[in-house]
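The structure appears below as structure tokens.
Quantities reported herein were computed from a predicted structural model and do not represent experimental measurements. Positions are given from 1 along the sequence.
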Amino acid sequence: MSGLHYRVQNNRFVFPASVAEGFAEVIPVERGLSLCTLDLLTHTELALMISSRNPDTVNFRYNLGSINSEEAVGPEYFSTTGSNLRSLLVYKAGVTTWLSARRGSYLNYLFVVMSDEWMRANIGEMIMPDSAHLMRRNMHDHFYLYQDLDMPIYATTRQIGDVRSIAWDCRAVAYKGITLQLISLSWSRIISQFRDTGQINIADKEKMVTFMDRIFADLSKPLPPVEKLAATIFMSKSKFNQLFKKIYQKNVYEYYSEIRMHKAMALLKTGRYSVAEVAHEISYMNHGHFSRAFSKFYGMLPKDCIPKMRNFRIRRNVGTT
């Protein structure tokens with residue numbers, strides 16, 4: 001971990017009172033298992049970088065309710081805003097997490113870092129529904145899974161703080177026991193998201209709709225690749241595509257093309273835009289390509305949808321004497 005204005009005492013990162021209240025602590029439980037806890041109320045701007053250098057580890061990152069902070073994860077640094085967001089993110093080693101806080105921000109995180117060897121010895125093989133081991137699953141990006149925390153998981157994470165009150169020589173056993181319970185609960189929750197029951201998870205739906213509403217609000221920008229859309233809200237590409245089709249009844253490209261054409265028609269009917277201007281408003285760089293797509297969708301050319309200006313003759317009342 002690296003940050004601004006701190007010193008290290010017994011694996012605890014200590015900040016001046018003018019910078020932050022609370023602590024950031026690295027807890028080496030045993031070989032192959034480490035915990036990192038953050039419980040900070042900041043009094044100034046603060047940036048923290050957290051990374052795992054061991055290439056054979058997996059990270060379970062629990063956001064326990066950070067407020068007024070920003071989190072950027074991975075080589076492409078997809079940003080999320082922490083606002084009482086309780087969530088679990090699972091990703092491979094080598095992925096860097098940046099946490100940035102403003103004055104008055106609250107950072108409340110737990111990181112569980114496990115080696116592949118420790119996982120096999122203490123938990124067993126974590127097998128995904130596609131029959132691939134979690135550590136060896138070939139993913140397009142570094143993110144695996146993203147979930148909202150349910151109450152059993154959240155309550156278990158809170159037990160980590162209680163361990164500090166017990167005797168020092170008993171803490172490693174206590175940390176390990178809580179970690180095993182936490183990973184068991186988390187893994188059950190993770191696997192459940194892959195079971196297609198035909199129902200849509202309400203939290204997933206709200207997350208998807210809120211995110212896509214922001215994307216569709218500005219059609220002048222091209223649609224990012226599905227891989228990036230999915231990673232931005234911490235979903236696998238396959239889950240993103242399945243969920244999108246359940247919600248919108250079309251795949252993302254079909255739906256995007258459809259709303260572009262609807263907006264184009266609405267703009268043309270105002271009579272205030274040329275065909276080239278409308279094409280630009282819905283992210284077509286070539287208005288010829290736009291005209292062909294519009295004609296295929298509506299069966300008419302875009303220029304034929306622009307209202308014709310009417311010529312009105314002003315009659316003067318001519319008085320007779």
Side-chain angles (χ1 to χ4, degrees), residues 1 11 24-39 50-66 71 73-74 85-97 108-137 139 141-164 166 170-195 201 203-204 234-236 239:
M1 179 189 292
N11 294 320
E25 184 176 13
V26 176
I27 306 169
V29 178
E30 61 181 27
R31 182 180 177 86
L33 173 64
S34 295
L35 307 177
C36 176
T37 61
L38 296 178
D39 193 351
I50 302 172
S51 62
S52 174
R53 297 176 183 175
N54 188 332
D56 298 318
T57 58
V58 64
N59 301 264
F60 280 59
R61 191 280 284 137
Y62 299 87
N63 182 342
L64 305 178
S66 301
E71 173 186 352
V73 184
L85 176 65
R86 294 177 180 175
S87 60
L88 163 63
L89 177 64
V90 183
Y91 53 91
K92 280 183 176 179
V95 174
T96 299
T97 298
N108 192 6
Y109 284 89
L110 169 65
F111 292 81
V112 179
V113 184
M114 301 171 289
S115 70
D116 190 20
E117 182 181 358
W118 188 91
M119 287 170 56
R120 289 199 308 269
N122 293 275
I123 300 173
E125 296 285 325
M126 286 190 171
I127 305 299
M128 303 298 290
D130 58 6
S131 300
H133 187 279
L134 173 66
M135 290 291 291
R136 300 181 181 85
R137 196 163 186 243
M139 299 289 287
D141 50 43
H142 291 275
F143 305 111
Y144 281 131
L145 311 154
Y146 179 85
Q147 280 288 338
D148 299 320
L149 294 189
D150 57 21
M151 187 50 65
I153 294 176
Y154 178 74
T156 304
T157 63
R158 306 311 295 176
Q159 295 177 29
I160 295 292
D162 298 335
V163 176
R164 298 185 188 93
I166 68 176
C170 298
R171 291 184 185 180
V173 175
Y175 280 130
K176 182 176 180 179
I178 295 170
T179 300
L180 290 172
Q181 181 184 4
L182 180 60
I183 298 304
S184 176
L185 290 170
S186 302
W187 190 246
S188 296
R189 176 119 172 105
I190 287 166
I191 290 297
S192 69
Q193 76 168 330
F194 289 91
R195 297 192 184 109
N201 181 281
D204 284 343
F234 303 104
M235 288 186 184
S236 66
K239 179 180 178 180

If you apply the rule side-chain contact (heavy atoms from CB on, under 4.5 Å), what do you find for Val58 with Asp116, and how did you get there? CA-CA 7 Å; Val58 64; Asp116 190 20; over 6 Å; no
What's the verdict on side-chain contact (heavy atoms from CB on, under 4.5 Å) for Met114 and Ile183, showing C-alpha distance, side-chain angles and the deciding distance? CA-CA 10 Å; Met114 301 171 289; Ile183 298 304; 3.9 Å; yes
Is there a side-chain contact (heavy atoms from CB on, under 4.5 Å) between Ile153 and Tyr62 once you walk through the steps? CA-CA 9 Å; Ile153 294 176; Tyr62 299 87; 3.8 Å; yes
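Among residues two or more places apart in sequence or in another chain, the side-chain contact (heavy atoms from CB on, under 4.5 Å) test is passed with Arg158 by Leu64, Asn108, Tyr154. Under the rule for a side-chain hydrogen bond (donor to acceptor under 3.5 Å, both in side chains), Thr179 has no partner lying at least two apart in sequence or in another chain. In this structure Phe111 satisfies the ring-ring contact (aromatic ring centres under 6.0 Å, His included) test together with Tyr109, sequence neighbours excluded. Looking at residues two or more places apart in sequence or on another chain, you find a side-chain hydrogen bond (donor to acceptor under 3.5 Å, both in side chains) between Arg164 and Glu25, Thr37.
Screening Val113, Leu110, Val90 against Phe60 for a side chain to side chain contact (heavy atoms under 4.5 Å, CB included) leaves a single residue, Val90.
Residues Ile178 and Gln159 approach most closely at CD1-O, 3.6 Å, considering heavy atoms. Scanning both residues, Pro28 and Val26, for their nearest heavy atoms gives CD-O, 3.5 Å.
Distance CG/Leu88 to OG1/Thr157: 10.5 Å, rounded to 0.5 Å.
Of the possible donor and acceptor atoms, none in the side chain of Ser184 sits under 3.5 Å from a partner among the backbone N and O of Leu180.
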Which donor-acceptor pairs under 3.5 Å do the side chains of residues 29-36 make with protein atoms, sequence neighbours left out?
residue : atom : partner : partner atom : Å
Glu30   : OE2  : Trp118  : NE1          : 2.6
Glu30   : OE2  : Lys176  : NZ           : 3.3

